[in-house]
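Beneath this line is the structure, given in structure tokens, with notes to follow.
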Amino acid sequence: MPAVAPGDILRQRPVDVFAEPLRVLPAPVRAWQLLYRSTSATGTPNAVSGTLLVPPTPWQEGPRPLVTYAVGTHGLGDSCAPSYKLRTGTENEIALIAQALLKGWAVVLTDYEGLGTPGTHTYATGQSEGRAMLDAARAAAKVPGSGLSSSGPVGIFGYSQGGQAAAFAAELQPSYAPDVRVVGAAPGGVPADLAEVARFNDGGAAFGLVIGAATGLSSAYPDVPFAEILNDRGRALVQRVRQACVVELGAAAPFARLQDFVTIPDPLSHPSWQARLEENKAGQDRPGAPMFLYHAAYDELIPYRTGKALLSRYCDLGATVQWQRIPLAEHIIGVSVGGPIAMDWLGSRFAGKPARNTCAGGGFTAG
């Protein structure tokens, strides 16, 4: 790693991106793949890749807004990286990305640490994800010819894993990136308490996500016991999920339990694991900008109560949060319905309108 500041560009190149897998015509945007300097969960400089998209339409009202966008779970293999999927026309969040671009905003997507770069992706590690989002915004403003300004307004968007990243980016911004002018953050479906989410999915249909998260966290934190507590089944499963994209990851071990793959009674109770899980529990620092927080009422992967508890913690911190319950919705419908609402909410922040505050008057206890 060269001795450069977080958010400095290490490499860049213009690329074509595609909205569909036949790749008939490139999407009508200017696009750059970036490799930029960021910071790991333990404070070590690292290199993270990402993609900047800038629409061709001129922006007349001051600096063009930028959305730093974190995708939901794509998997742990390098071929799952959004930068790769945008080049191959297989990015499944393209509709939400396009919604931002059609409003005239630029969008920068981080690939997160280790997804598309050497090493194992630090999946489910909010501390590194949040920094990667903020440094992606810094890097985007430094791309020659992008027309972006370091003083321009920045919105934070993400759902599921991306919601975790967005929540941590909002919380870390005041201390880690005060130079990034964040005007609003819209995290949805946030796995705010990883221990709670892991126990909720233990024995569930998408148990593979639990093993994926353990793999990612152990990559971020070498001090937690992981490889040494796996049994033969566990080692085989981890080897499989290291290269798996989201569908294979979720279906890697349906209805299995963590105890099936380890040699100790309860890894989640191990002091090292508890400490690192606590570090990645969202809602411990007051965000520096208003937030739009939303959660599906019948989320089968991230319990609704996890989202409500996060709201309560933010309210206790004195944050400005607008809460949105997505009724009659499971996890995917949650972003299908809530994502466009969140984008419109960011538009109001870019326009300088005041944000509503669910926390005011204790209203966060309802719904």
Side-chain angles (χ1 to χ4, degrees), residues 1-10 12 32 34-52 62-71 100 105-115 117 122 125-143 146 148-158 161-187 190 220 279-293 314 317-321 346 349-350 355:
M1 286 291 298
V4 297
D8 280 356
I9 297 174
L10 304 174
Q12 66 179 72
W32 293 263
L34 310 174
L35 188 69
Y36 60 92
R37 199 285 219 185
S38 191
T39 307
S40 75
T42 55
T44 303
N46 62 6
V48 176
S49 57
T51 296
L52 171 63
R64 188 189 297 270
L66 171 69
V67 174
T68 182
Y69 189 114
V71 296
W105 311 335
V107 177
V108 64
L109 298 95
T110 180
D111 292 328
Y112 302 124
E113 181 181 14
L115 191 57
T117 50
T122 54
T125 308
Q127 291 287 347
S128 65
E129 294 168 349
R131 295 178 174 109
M133 286 193 82
L134 293 166
D135 288 324
R138 284 168 158 160
K142 297 174 182 176
V143 174
S146 68
L148 299 176
S149 168
S150 59
S151 63
V154 174
I156 296 171
F157 180 94
Q161 180 191 5
Q164 179 192 37
F168 271 88
E171 293 183 38
L172 289 166
Q173 181 270 332
S175 59
Y176 181 76
D179 53 302
V180 178
R181 188 185 150 209
V182 174
V183 298
V190 181
E279 283 183 31
N280 290 278
K281 183 176 181 178
Q284 300 188 70
D285 292 292
R286 180 178 175 176
M291 300 187 79
F292 179 79
L293 187 66
Y314 280 141
L317 289 167
T320 297
V321 186
L346 284 176
R349 306 292 75 74
F350 288 142

Can you measure from [atom1] ([X]) to [atom2] ([Y]) and round to the nearest 0.5 angstrom?
X	Y	atom1	atom2	answer
Thr44	Glu113	OG1	CD	8.5 Å
Thr68	Leu109	OG1	CG	8.0 Å
Leu115	Thr110	CG	OG1	8.5 Å
Leu52	Leu148	CG	CG	6.0 Å
Leu35	Ile9	CG	CD1	10.0 Å

Tell me every residue that passes side chain to side chain donor-acceptor pair (under 3.5 Å) with [X], counting only those two or more places apart in sequence or in another chain.
X	value
Ser175	none
Tyr112	none
Thr42	Ser40
Ser128	Thr122

With heavy-atom distances below 4.5 Å as the criterion, would you say the side chains of [X] and [Y] are in contact?
X	Y	result
Ser38	Pro6	no
Arg131	Leu172	yes
Gln12	Trp32	yes
Asp135	Val48	no
Ile156	Val182	yes
Leu134	Gln173	yes
Phe157	Val71	no
Pro2	Leu10	yes

So, Thr39 and Tyr176: side-chain donor and acceptor under 3.5 Å apart, yes or no?
-> yes
Would you check if there is a donor-acceptor pair between the side chains of Asn280 and Gln127 at a distance under 3.5 Å?
-> no
Correct closest heavy-atom pair for Ala185 and Ala170 would be CB-CB, 3.7 Å
Could you pull out the closest heavy-atom pair between Pro187 and Met291, with the gap in Å?
->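 Closest heavy-atom pair between Pro187 and Met291: CG-CE, 3.3 Å.
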Evaluate side-chain contact (heavy atoms from CB on, under 4.5 Å) for Phe350 paired with Val67, printing each intermediate quantity in order.
-> CA-CA 10 Å; Phe350 288 142; Val67 174; 4.1 Å; yes
Keeping [X] on the side-chain end and [Y] on the backbone end, is there a donor-acceptor pair under 3.5 Å?
X	Y	result
Tyr36	Ala132	yes
Arg64	Gly152	no
Arg37	Ala47	no

Any salt bridge between Asp8 and Lys142, counting N to O under 4.0 Å?
->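 Between Lys142 and Asp8 there is a salt bridge, with a charged N closer than 4.0 Å to a carboxylate O.
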Can Val190 and Leu293 be said to form a side-chain contact (heavy atoms from CB on, under 4.5 Å), step by step?
-> CA-CA 9 Å; Val190 181; Leu293 187 66; 4.0 Å; yes
Write out all pairs satisfying salt bridge (charged side-chain N to carboxylate O under 4.0 Å, His left out) with one or both partners inside residues 170-180, taking only residues at least two apart or from two chains.
->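 Qualifying pairs: Arg138-Asp179.
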Residues Leu66, Val108; criterion side-chain contact (heavy atoms from CB on, under 4.5 Å); working and verdict = CA-CA 7 Å; Leu66 171 69; Val108 64; 4.0 Å; yes
Begin with the C-alpha distance, continue with both residues' side-chain angles, and end with the deciding distance and a verdict on side-chain contact (heavy atoms from CB on, under 4.5 Å) for Val143 and Leu34.
-> CA-CA 9 Å; Val143 174; Leu34 310 174; 3.6 Å; yes
Check step by step if side-chain hydrogen bond (donor to acceptor under 3.5 Å, both in side chains) holds for Tyr314 and Thr320.
-> CA-CA 8 Å; Tyr314 280 141; Thr320 297; over 6 Å; no
With sequence neighbours excluded, residues passing side-chain contact (heavy atoms from CB on, under 4.5 Å) with Ser149 | Pro63, Ser151
